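To start, the structure under review is shown below, and the notes come after it.
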Amino acid sequence: MYRVRLWSVRRSRQMEWLYNTFNPLVVKLLRGVVKVFGTRLDKPITAVEAAAKGFFFDCKMCGDCALSKTGMSCPMNCPKTIRNGPCGGVRENGMCEVKPEMRCVWVAAWDGASRMEHGDAIKDVNFALDHRLKGKSSWLKLARDD
Ligand code: SF4
């Protein structure tokens, strides 16, 4: 949901705190789950991730989450799916050239990153996305140390 996505970017610092606090616990828990159940719980875990991140970030389940490096603005909402943005087409008012009714994902990302403690991570270059991961869980990827 677009409005919630913008809300999450405005609260990027609190989101970062939540991520830093709970991510190690979730990954630890999932490591245990993976050890015991193998791949049998992948589907429900992936569904929970898709629902939670879909609500807050309009997550597209790319399988390699970049939120902590993009000011909590999901780069996969860029119509060009640019992961090292922005492109040269951002409008003067900060809106997207492809979807003029949408704030440029990367303008939002810089805004979100400016509020984050580790917002400098936005300057890191992201590798090209491995599209074979599409639809897979980033949480499980972390848990399995892929
Ligand atoms: S970067 Fe990928 S996993 Fe993270 S919110 Fe965006 S689509 Fe979802």
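Counting convention: from 1, in listed order, for ligands and their atoms alike. All figures in this text were calculated on a predicted structure; none of them were measured in a lab. In what follows, residues are counted from 1 in the order of the sequence shown.
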Residues that, via side-chain heavy atoms closer than 4.5 angstrom, fall in one hydrophobic cluster with M61: none
Note: K69-D124 ion pair, threshold 4.0 Å (strictly below): no
Partners passing salt bridge (charged side-chain N to carboxylate O under 4.0 Å, His left out) against R31 (at least two apart in sequence or in another chain): D145
Joint cluster assignment, V9 & M1, ILVMFWY side-chain distance < 4.5 Å: no
Minimum heavy-atom distance between P24 and N20, given as atom pair plus value: CD-O, 3.3 Å
Set of salt bridge (charged side-chain N to carboxylate O under 4.0 Å, His left out) partners for K80, sequence neighbours left out: E97
Atom 6 (Fe) of ligand 1 neighbourhood, protein N/O/S only, threshold under 2.8 Å: C74 SG
Atom indices of ligand 1, in the order listed, that fall short of 4.0 Å to a heavy atom of S138: 3 (S)
